[in-house]
Number of protein chains: 2
Amino acid sequence: MTGVTIGSAAKATSVKVPTIRYYEDVGLLPRAPRTDSNRRLYGPDELARLRFIRHARELGFEVDDIRALLALQSEPQQTCTEVDAIARSHLTEVERRIESLLALKSELERMIKGCKRGRIAQCRIIEVLQNHAQCAHHPRG
Amino acid sequence: MTGVTIGSAAKATSVKVPTIRYYEDVGLLPRAPRTDSNRRLYGPDELARLRFIRHARELGFEVDDIRALLALQSEPQQTCTEVDAIARSHLTEVERRIESLLALKSELERMIKGCKRGRIAQCRIIEVLQNHAQCAHHPRG
DNA sequence: CCTACATGCTCTAGTGACTAGAGGATCAAG
DNA sequence: CTTGATCCTCTAGTCACTAGAGCATGTAGG
């Protein structure tokens, strides 16, 4: 019966206490075993999972995506077809995201450069964003 | 008092009709003037503003950020410091995300490769993302 | 052993940024 | 003149949390 309390788990993973409980509620974490006095206990595996979830969320994956990613891990001798499909579609999504983040990066850099000139009168963020908005498909920065 | 209806405004800016009304509610757009029959009217300036808002949202700026950016626009003789700060912090975050996504990308690629050979047993997405999560400040890989 | 008080529990409600739907008015086309 | 699209307001739902109430339990100091 080893394991740490939800508070230490929160500290260890940078996921807040109520968020951990929320993840259990929505099934991203297995129902934690409890002490005699009904407190949740977390072992190293759960902490790893939590860190994974946190990071994936930071990367913008939705809870459902994360559920899928977690599923990939826990089916080690399944036929590969399905796993491959999930991984593949995630890869596509990840690549898409990298693309648009790179576009955003260069645009933000451009904004900052423009601002360096010192006066908003010459600052073109608004102009830039508005114009850019017209070419809906970011045809490569 | 020319102007287009909310429907055409939506089409012209790719912002959905209810979202336009929502932006008015929360003060990102001025209250639109109305026709005799109470319908909202939008002129070119409002369309521009809508396009700006949409794009800024796509870039991940929060409504409050956008409010700040729009406010700055109307004080043109001010220095750019604040705009610069907003953009800069977004840039940092964006770079951080790109890093992580690249790590995830190569892990997914590795998985797919592994799958091709028929086994998923050595899938390490969790490990990879989890470890990556620990170096909060990405001290250059 | 007793008292603080921190931490845990459950439950409900609030947040941001929309999105969907009900129920009704108005406009444009045939 | 009717039909269907579009508009109006209003309420409620979504996702992923986040905050708070109200109560139980654990831990440290005196």
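Naming convention: chains lettered A, B, ... in sequence-line order (proteins, then strands); numbering from 1 in each chain.
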Side-chain N or O of B:R34 versus OP1/OP2 of D:dT9: is the shortest distance under 4.0 Å? yes
Side-chain (B:R67) to main-chain (B:V26) donor-acceptor, under 3.5 angstrom: yes
B:E62 with B:R57: basic N within carboxylate O range, under 4.0 Å: no
Report the distance from atom CD1 of B:I66 to atom CG of B:L28, rounding to the nearest 0.5 Å. 6.0 Å
Student check: side-chain heavy atoms of B:R34 and B:L41 closer than 4.5 Å: no
What is the distance, rounded to the nearest whole Å, between atom CG of A:D64 and atom P of D:dT14? 14 Å
Using side-chain heavy atoms (C-beta onward) and a distance below 4.5 Å, is A:R49 in contact with A:L70? yes
Just wondering, do A:R54 and A:T13 contact through their side chains at under 4.5 Å, heavy atoms? no
By nearest-heavy-atom nucleotide on DNA chain C, the more 5' of B:I53 and B:D36 is B:I53
If you assign B:V63 and A:I6 each to the DNA chain C nucleotide with the nearest heavy atom, which residue ends up on the more 5' nucleotide? A:I6
Take A:Y42 and A:I20 through the test side chain to side chain contact (heavy atoms under 4.5 Å, CB included) and record every step on the way to the result. CA-CA 11 Å; A:Y42 299 90; A:I20 296 178; 3.4 Å; yes
Would you tell me if any nitrogen or oxygen in the side chain of B:T5 comes within less than 4.0 Å of OP1 or OP2 on D:dT6? no
Rounding to the nearest 10°, end axes of the helix from C:dC1-D:dG30 to C:dG30-D:dC1 built from five pairs each make an angle of 10°
Could you state the interatomic distance from CZ (B:R88) to CD (A:E109), rounded to the nearest 0.5 Å? 10.0 Å
Would you say D:dA24 has OP1 or OP2 under 4.0 Å from some side-chain N or O of A:R39? no
Taking the minimum atom-to-atom distance to the side chain of B:R40, which one of D:dT9, D:dC17, D:dT25 wins? D:dT9
Between CD1 of A:I66 and P of D:dA16 the distance, given in whole Å, is 8 Å
Between A:L47 and A:P44, is any pair of side-chain heavy atoms under 4.5 Å apart? no
Contact check, residues 12-23 of chain A vs DNA chain D, heavy-atom distance under 4.0 Å, returns A:K16, A:T19, A:Y22, A:Y23
Donor-acceptor pair, A:R51 side chain versus A:V15 backbone, under 3.5 Å? no
Separation between CD1 (B:I53) and OH (B:Y23), nearest 0.5 Å, reads 6.5 Å
Note: chain B reaches DNA chain C at heavy-atom distances under 4.0 Å over the stretch, first to last nt, 5' to 3', of C:dA17 to C:dC27
